[in-house]
Amino acid sequence: MTAQIIDGNALSKLLRTEVAARAQALKSKGVTPGLAVVLVGDNPASQVYVRNKVKACEDSGLYSVLEKYEGSMTEADLLARVEALNHDPAIHGILVQMPLPSHINAQKVIEAISPAKDVDGFHIASAGALMTGMPGFWPCTPYGCMKMLESIGYDLKGKHAVVIGRSNIVGKPMALMLLQKDATVTVCHSHTQDLKAITLQADVIVAAVGKRNVLTADMVKPGAVVLDVGMNRNEEGKLCGDVDFEGVKQVASHITPVPGGVGPMTITMLLVNTLEAAERASN
Ligand code: GUN
């Protein structure tokens with residue numbers, strides 16, 4: 001069997017068309033959804049990410065503002081900027097790009113963002129809302145994974161989902177989202193014993209570790225669905241995920257590629273969250 005590819009670019013295009021239409025509807029009521037992206041310092045990868053986020057907003061008819069600050073900016077000054085954005089009626093979503101310089105307490109900055117504008121879904125109020133099934137913003141990468149499963153009509157009820165990785169922004173929220181859809185969820189991590197014995201039982205596997213070849217064909221049950229959140233470089237400098245794509249696609253029923261899989265979905269869900277924030281604020 002050769003797996004069906006879940007195309008993150010194609011799904012993003014479809015979802016962004018819907019975002020653009022909903023943004024247009026809000027605009028006709030006099031509200032333009034607005035995202036503020038805050039970048040501190042000159043991390044080259046972060047500069048690319050924020051540029052992509054701002055461009056995606058423009059392409060979908062959302063207003064966006066990019067605030068760039070020197071790496072020497074004080075924590076107090078950044079907290080003051082976040083507070084000003086919390087009160088800015090043109091801004092419905094606030095994203096402070098991570099990582100922040102080491103002299104700034106990132107968690108303190110995240111907690112300063114109003115939960116109503118926390119479109120990254122990193123605030124503890126957002127995490128608590130996800131855990132309890134209350135309305136709130138979901139972190140964009142696992143949310144994008146859920147949309148990918150939805151796009152293939154996958155019913156998670158009673159299925160065994162295995163998440164490899166337990167980060168606060170992917171692994172843990174991913175597990176909660178799968179649980180909310182009635183999957184039986186196992187979270188694996190660096191101390192897990194016999195990972196292969198667990199992944200072989202999985203109907204769905206989400207690999208979110210940040211290490212190449214964490215998941216190989218011999219670890220996958222025939223017909224399983226495999227989502228690859230990894231973003232790594234191989235020896236030739238080529239972008240690759242956590243999954244041995246060529247091997248696993250011979251065993252899985254569906255698989256996401258890297259690039260062109262989960263990656264584009266992350267930005268798409270940021271647009272969805274920003275739109276949602278604007279819709280909630282205007283109701
Ligand atoms: N750095 C890398 N990914 C992200 C993200 O999704 N949000 C923020 N704020 N920073 C990041």
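Read the numbers this way: they start at 1 and go in the same order the structure lists the ligands and their atoms.
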Salt bridge check: are Arg22 and Glu276 linked by an N-O gap of less than 4.0 Å? yes

Closer than 4.0 angstrom, basic N to acidic O: yes or no for Lys211 and Asp242? no

Lys53/Glu58 ion pair, N-O < 4.0 Å: no

Name all pairs fulfilling the side-chain hydrogen bond (donor to acceptor under 3.5 Å, both in side chains) condition that reach into residues 128-157, sequence neighbours left out, sorted by first residue then second. Thr141-Thr266

Write down, by chain and number, every protein residue that brings a non-hydrogen atom to less than 4.0 Å from an atom of ligand 1. Lys53, Leu95, Val96, Gln97, Met98, Asp120, Phe122

More than 12 foreign heavy atoms under 6.0 Å from CG of Asn234: is that the case here? yes

Is it the case that over 12 heavy atoms from other parts of the model lie below 6.0 angstrom from the NZ atom of Lys181? no

